[in-house]
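Okay, structure first, notes after.
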Amino acid sequence: MLDINFIRDNREIVKKGMINKGEKNADAVDAVLEKDEEWRNLVTKVGNLRAESNNRAKQIGQLMGQGKKDEAEKIINETGRTKETIKSLEKSLEAIQKERDDLLYQIPNVPDESVPVGHTEEDNVVFSTWGEPNEEEWRLPHWELAADKKWIDFDRGSKVAGAGFPFYVGHMARLQRALINYFLNEAIENGYTEIQTPYFVNEASARGTGQIPDKEDMMYTVPRDGFFAIPTAEVPVTNFHRDEIFEMDNLPVYYTAYTPCWRREAGSYGADVRGLNRLHQFDKVELVKFVHPDHSDSELESLREYAESLLQKLKLPYRTLLMCTGDMGFTQTKKYDLEVWSPGQKKWLEVSSCSNFASFQARRMQLRFRNEKGKTEIMHTLNGSGLALPRVVAAILETYQTEAGDLEVPEVLVPYMGTEKV
RNA sequence: GGAGAGAUGGCUGAGUGGUCGAAAGCGCUCCCCUGCUAAGGGAGUAUACUUCAAAAGGGUAUCGAGGGUUCGAAUCCCUCUCUCUCCGCCA
C-alpha cells in the first residue's frame with residue numbers, strides 16, 4: 001500500500017506507474033484522492049464534535065465533584081442531539097474510510113526508474129548470463145531420469161495426496177535435504193539469521209504481505225481454524241516483525257528460512273506442470289531483508305548477487321532477468337528473476353525472484369524504525385529465494401547426468417550427500 | 001476438550017464510572033553537581049490520524065481486539081483472541 005500523501009504529491013507518477021504495470025483503472029488514483037479529501041473533512045468535523053462533547057462531560061464531572069447537581073443536570077439536558085450526530089457521522093466516516101482504503105489497495109507500487117517499461121515477459125531484459133547452456137541431445141528431462149531410477153514418485157504422490165505432491169525417494173530425498181542444508185548454511189555465512197516459522201498463518205498475516213485480498217486463490221486454506229497454508233516463507237518471516245518499531249542502529253536485519261510452500265496453482269496446465277516444473281508443494285529457502293529506506297536499492301543488488309552465487313557454486317548455467325513493468329507484480333518497485341538452464345528440456349526455469357518492495361509491504365504491516373530525529377518512519381523490505389528447490393533439482397538431474405545414466409553430485413553438495421556419484 | 005485466573009506505556013506495576021493518556025518505580029535521553037568508580041539533583045521520554053507551508057501549538061483516537069450501556073468507561077455488560085494454573089488427551 002502506498003502512502004496517501006505520496007500519492008497526493010505525485011499523482012501523475014503514480015498513474016504512469018500504474019499504466020506501465022498494465023493496471024487498467026488508473027482512475028483509481030483520482031478517486032482515492034477525492035475520497036481522502038472527503039474523509040479528512042469529515043475527520044475534522046467529527047473531531048470537533050467529539051471535542052465539544054468531551055468538554056461538556058468534563059464540566060459535568062467538575063460540577064458533580066462540587067456537588068452542584070442541578071447545574072450538571074442542566075448541561076446533561078443540553079447534550080441532546082450531539083451524540084446522535086456524532087454516531088451517524090462516525091458511521092459515514094467508517095464507510096468513507098473503507099471506500100478510500102479499498103481504492104488505495106488497488107494502486108500498485110510505483111516501478112523504479114531503472115525498470116524497463118513493457119507489457120509481457122517478452123519485454124524483460126536479460127541482465128546477465130553465466131555459464132554455457134548445454135545443448136547435448138542425449139540428455140533426458142529430469143522426470144525420465146527420475147522415473148528410471150525410481151527417485152521421484154509422482155504416481156504415488158497423486159494417489160496419496162494429488163497431482164503436484166510428489167514423493168522423493170532414496171537419493172532424491174537426500175538431495176533435497178542436502179540442498180536445504182547447503183542453502184541455509186551459505187545464507188548463515190553471509191549474515192542471514194536462520195529462523196523456523198509456522199507453516200500456517202492467520203488472516204492478518206496473509207493480509208500483511210498482500211496475499212489477501214490480491215492473491216487469495218493461490219493459497220490452501222483451513223477454514224475451520226482460519227488458517228492459510230503459507231505459499232512462501234516470505235509471509236511468516238515478514239510478519240515476524242509486524243507492528244514493530246526498530247531502533248535505526250539495528251537495521252538492516254537479514255533472515256533466512258527453509259519452509260515447504262503450498263500453492264494451488266489454479267489454471268496451470270501442460271508442459272508447465274511437467275515433472276518438477278510446477279508443484280502444489282515444494283521446498284524453498286527464503287531470504288528476507290528489513291532495511292533503511294536509503295539502502296534498499298543497493299540491498300536488492302546484493303541480494304541478487306548472493307542468490308546468483310549459489311547457482312555459480314552449483315555450477316548451473318543461468319541467466320538473470322530484469323523484469324519489465326508489466327511482468328513484475330503489484331507490490332514490487334523492482335524485481336530480478338534468476339532462471340537456471342534445463343538442458344533436458346532446453347529451456348530456462350525460474351528458481352529465484354529477488355524483489356524490492358520499498359515501503360509498500362512495510363506500510364501495510366506498520367514496520368517502522370526510529371530515524372536520526374527520533375521520529376518513526378516506515379522501513380523497506382526485500383526478499384528473494386535462495387533458492388527454490390524443485391527446479392534446482394531438475395537442473396541438477398539434467399546437468400549432472402552422465403551419458404552412462406549415472407548422476408554426478410555437484411562438488412559443493414558432496415559433503416551433504418556423502419558420495420560423489422549416485 | 002473441561003474448570004478457573006488474567007491481559008494497563010520500553011519493563012514492573014497502581015488505578016473498579018468523572019479534569020486518567022493514565023500514579024509510582026525501573027530503564028532511556030539531555031542538563032546540573034561531583035577530579036576516578038559510585039552516588040545525588042532537575043527536565044524530558046507512547047502510537048496513529050488530523051489541523052498547520054513548516055516548526056511550535058491545537059484537536060481526535062488508542063489501557064489485548066470488537067461491540068454495547070452512560071452526559072462521561074482503563075473501570076460496568078456482551079463477543080472474540082491470547083497468556084497462565086488445574087484436569088483430560090497427546091508427538
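Residue numbering restarts at 1 for every chain, and letters A, B, ... go by the order of the sequence lines.
Only the C1' atoms considered, B/U69 is 41 Å distant from B/C28, to the nearest whole Å. Atom C1' of B/U50 sits at a distance of 39 Å from the matching atom of B/C32, rounded to the whole Å.
Comparing B/U19, B/U51, B/U47 by their nearest atom to the side chain of A/Q62 picks out B/U19. Here the side chain of A/R370 is nearest to one of B/A46, B/G59, B/A48, namely B/A46. Among B/A55, B/U47, B/U50, the nucleotide with an atom closest to any side-chain atom of A/I245 is B/U47. Which of B/U60, B/U51, B/A48 sits closest to the side chain of A/A51 comes down to B/U60.
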Sequence-aligned protein contact record of nucleotides 61-75 of chain B, with B where the base is within under 4.0 Å of a protein heavy atom and S where only the sugar-phosphate is: S-------S-BS---
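Considering only residues two or more places apart in sequence or on other chains, A/K58 meets the salt bridge (charged side-chain N to carboxylate O under 4.0 Å, His left out) condition with none of them. Listed by chain and residue number, A/H292 satisfy the ring-ring contact (aromatic ring centres under 6.0 Å, His included) test with A/F369 (two or more places apart in sequence, or in another chain). In terms of the side chain to side chain donor-acceptor pair (under 3.5 Å) criterion, A/R364 has no residue partners (sequence neighbours excluded).
Salt-bridge check for A/R40 with A/D36: passed, with a basic side-chain N closer than 4.0 Å to an acidic carboxylate O.
For B/G59, neither phosphate oxygen OP1 nor OP2 lies less than 4.0 angstrom from any side-chain nitrogen or oxygen of A/T44. One finds a side-chain N or O of A/R40 lying less than 4.0 angstrom from the OP1 or OP2 phosphate oxygen of B/U51.
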Enumerate donor-acceptor pairs with a distance under 3.5 Å from any side-chain N or O in residues 383-399 of chain A to protein atoms, sequence neighbours excluded.
unit_1: A/N383; atom_1: ND2; unit_2: A/E234; atom_2: OE1; d: 3.2
unit_1: A/N383; atom_1: ND2; unit_2: A/E234; atom_2: OE2; d: 3.4
unit_1: A/S385; atom_1: OG; unit_2: A/S353; atom_2: N; d: 3.3
unit_1: A/R391; atom_1: NE; unit_2: A/N277; atom_2: O; d: 2.7
unit_1: A/R391; atom_1: NH1; unit_2: A/E350; atom_2: O; d: 2.7
unit_1: A/R391; atom_1: NH2; unit_2: A/N277; atom_2: O; d: 2.8
unit_1: A/E398; atom_1: OE1; unit_2: A/S342; atom_2: OG; d: 2.5
unit_1: A/E398; atom_1: OE1; unit_2: A/G344; atom_2: N; d: 2.8
unit_1: A/E398; atom_1: OE1; unit_2: A/Q345; atom_2: N; d: 3.4
unit_1: A/E398; atom_1: OE2; unit_2: A/H142; atom_2: N; d: 2.8
unit_1: A/E398; atom_1: OE2; unit_2: A/H142; atom_2: ND1; d: 2.7
unit_1: A/T399; atom_1: OG1; unit_2: A/A395; atom_2: O; d: 2.6

Side-chain donor/acceptor pairs under 3.5 Å, residues 156-178 of chain A, sequence neighbours excluded:
unit_1: A/R156; atom_1: NH1; unit_2: A/D153; atom_2: OD2; d: 2.6
unit_1: A/S158; atom_1: OG; unit_2: A/F154; atom_2: O; d: 3.1
unit_1: A/R174; atom_1: NE; unit_2: A/Y416; atom_2: O; d: 3.3
unit_1: A/R174; atom_1: NH2; unit_2: A/Y416; atom_2: O; d: 3.3
unit_1: A/R174; atom_1: NH2; unit_2: A/M417; atom_2: O; d: 3.4
unit_1: A/Q176; atom_1: NE2; unit_2: A/D283; atom_2: OD2; d: 2.9

